[in-house]
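Numbers restart at 1 for each chain; the letters A, B, ... are given by sequence-line order, proteins then strands.
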Amino acid sequence: MVQRLMALLFVGILMFSANPALADEDEEDEFGFVEEEQAAQEQAQAESEDEESGSGEMVTEVKDPAVIKGKVTFDGQGPKPKKIKMDADPTCMVMHSEPVFRKEVLISEDGSFANVFVYVKEGLGGMKFPKPDGAAKFDQIGCEYTPRVFGVRAGQPIEIINSDATLHNVHAIAKENDDFNIGMPVKGMKLKKTFNKPETMVKMVCDVHPWMNGYVGVMTHPYFFTTGKDGVFELPNLPPGEYTIAAWQEKLGEITQKIKVGPNETKEISFVFTRPKK
Amino acid sequence: MLIWLNRFAIFTAWSTLFLLFAGGMVTSTSSGLAVPDWPLSYGMLFPPMVGGVFYEHGHRMVASFVGLLTVILCVWMWRKEERRWMKWLGTAALLTVISQGVLGGITVLFLLPTPVSTAHAGLAEIFFCLTVSIALFTSKEWFQEPLKIASQREYRRFAVGTCVILYVQILLGALMRHTESGLAIPDFPLNFGHLIPPHFTPQIWIHYAHRLGAVVASITIIMLAFKTFSQFKRVRQFMRPMIFLILLLLFQICLGGLTIWTQKAPTIATLHLTVGAMMLGTSVVLMLRSFRHLQIK
Ligand SMILES: [Cu+2]
């Protein structure tokens, strides 16, 4: 009998392992759960705190606005992009006629670096800026996040959409904000979530499809930009002053630069990432 | 003795071992949160088994099956088993498997807090040991006269010690898995090319503790083997589990190394977990037999 059971166990183990293996690193963090209503309340609270604790003035119109713009590049040979194996979910697979590559490091042939989050890290002091209307959109389409890297204002809702005919779980891994994990099993499903505390970056993962990773920069001001394929960024409408500008990349981390801009001045800077030293 | 009850108990124990494997695969593939809700899965009883859902919901289904087996086992024992303490052992197993299910739910709803998921792994092994014990207690061996072999207290102590050390080692392994420390030391058998890692972080500590635990466990098993071979060479009841334990130990060390060398290939890492559970189960059998058959002078 024991031999037979052992054989059965072995068959079971084979069946479980035959499924396309998934392996993905994943940091775990503190836990927490914010329901929608609670989030709304917290948002209102955060807003009122914002206004009351206002050591700085609310900037509704920038006088003599300056512009900082430039380009993010990668110097040297970037890593070869890896193909994503979508076999584990046939619905994902049929949505792509061409092979899909991992997007952790997106470098064009001329070195232009995409999906780099450029933002003002320091220099705005206590200045407050009016909140934008409307929500930021975060879509799950073709079993990928669109956009993969983006910024929102603290307290600005994020509309999370499932455009796929398969299920996703949206799992936020944050340090300052609360984590959450919500299932979105139906195509067309939408939900709203809000991060109230500034944080670079909150990681979004789908544990169903381990290649799905996204990053949200939660900002107290409107000066942030995610680079596209051309690697170009622009931070317009800045109050003249001295700033620390940061460029954040999901695999390579953050690099910063100090720059001073005068009234109505436009300055160009560039960020160059290199292969990390071992 | 109730032959069918015994067969059913053996089946339950092996099913539990498979459940351990299925649960281990969830952690090995980082699928623990692929189903965000509990007890339902995406509000359904049977969600599409895609991606990580296959492992998480698969684990839930195997777990429900083992839960059902345990309910049947417990009811069966209350109706047919004549030994009162056995009825309560069955009840204990049932309560354990229910708590284990709830603990699994909590770990999902609170997004895998390390203490809860480690406890879920620890309680799993206790439940497995309970099913192994029930299978042994319902066997013919426990209905026949004990062998009454004269021996010293020391052997029993060693057998108990082996179980405890293996359990602690399993807990360390679980802690390592749930703190993502499985590759904190990237080489094997050395540690960053040294016997002692040149620098420490909490993750390296946990990982290194599991390696030291492996050394302690191996030494204990080898010492137990020497004692068994010298004292009970002709006693099948001791020799069989002892030889099995040694074979498992050799296999387990290979699997541990392979886990590192394959950078935690999910199936390898999970087999390492499964063989660890088999070692614990085997040492529990040896320990229980040492209590039944040995007569201490
Ligand atoms: Cu997904």
Checklist entry - Which residues satisfy the side-chain contact (heavy atoms from CB on, under 4.5 Å) test with A:A172, sequence neighbours excluded? => result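 Counting only residues at least two positions away or on another chain, A:A172 forms a side-chain contact (heavy atoms from CB on, under 4.5 Å) with A:F180, A:F195, A:V202, A:M204.
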
Side chain / backbone / both / neither for [X] at chain A, heavy atoms under 4.5 Å:
X	value
B:F21	side chain
B:H57	neither
B:L183	neither

Item to check | Taking every non-hydrogen atom, the tightest pair across A:A154 and A:P198 | outcome: CB-N, 4.3 Å

Item to check | Donor-acceptor side-chain pairing of B:T12 and B:T131 below 3.5 angstrom | outcome: no

Next on the checklist: Please classify the contact between A:M184 and chain B as side chain, backbone, both or neither, with a heavy-atom cut-off of under 4.5 Å.
Outcome noted: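 Contact with chain B involves the backbone of A:M184 alone.
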
Checklist entry - Among B:L33, B:V50, B:T270, which residue forms the greatest number of heavy-atom pairs with chain A at distances under 4.5 Å? => result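 Counting heavy-atom pairs under 4.5 Å, the top option is B:L33.
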
Next on the checklist: Between B:G32, B:G43, B:A22, who has the most heavy-atom pairs with chain A when the cutoff is under 4.5 Å?
Outcome noted: B:A22

Next on the checklist: Can you confirm whether B:H178 sits close enough to B:L112 that some side-chain heavy atom of one is under 4.5 Å from a side-chain heavy atom of the other?
Outcome noted: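 Sidechains of B:L112 and B:H178: no contact.
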
Checklist outcome for this item: To the nearest 0.5 Å, atom CG of A:N181 lies from atom CG of B:D37 at 9.0 Å

Checklist entry - What residues form a side chain to side chain donor-acceptor pair (under 3.5 Å) with B:N6, not counting sequence neighbours? => result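 With sequence neighbours excluded, B:N6 shows a side chain to side chain donor-acceptor pair (under 3.5 Å) to B:T138, given in chain and number order.
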
Checklist entry - Who among A:R4, A:M86, A:M6, A:H168 has the most heavy-atom pairs with chain B under 4.5 Å? => result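 The residue among A:R4, A:M86, A:M6, A:H168 with the greatest pair count is A:M6.
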
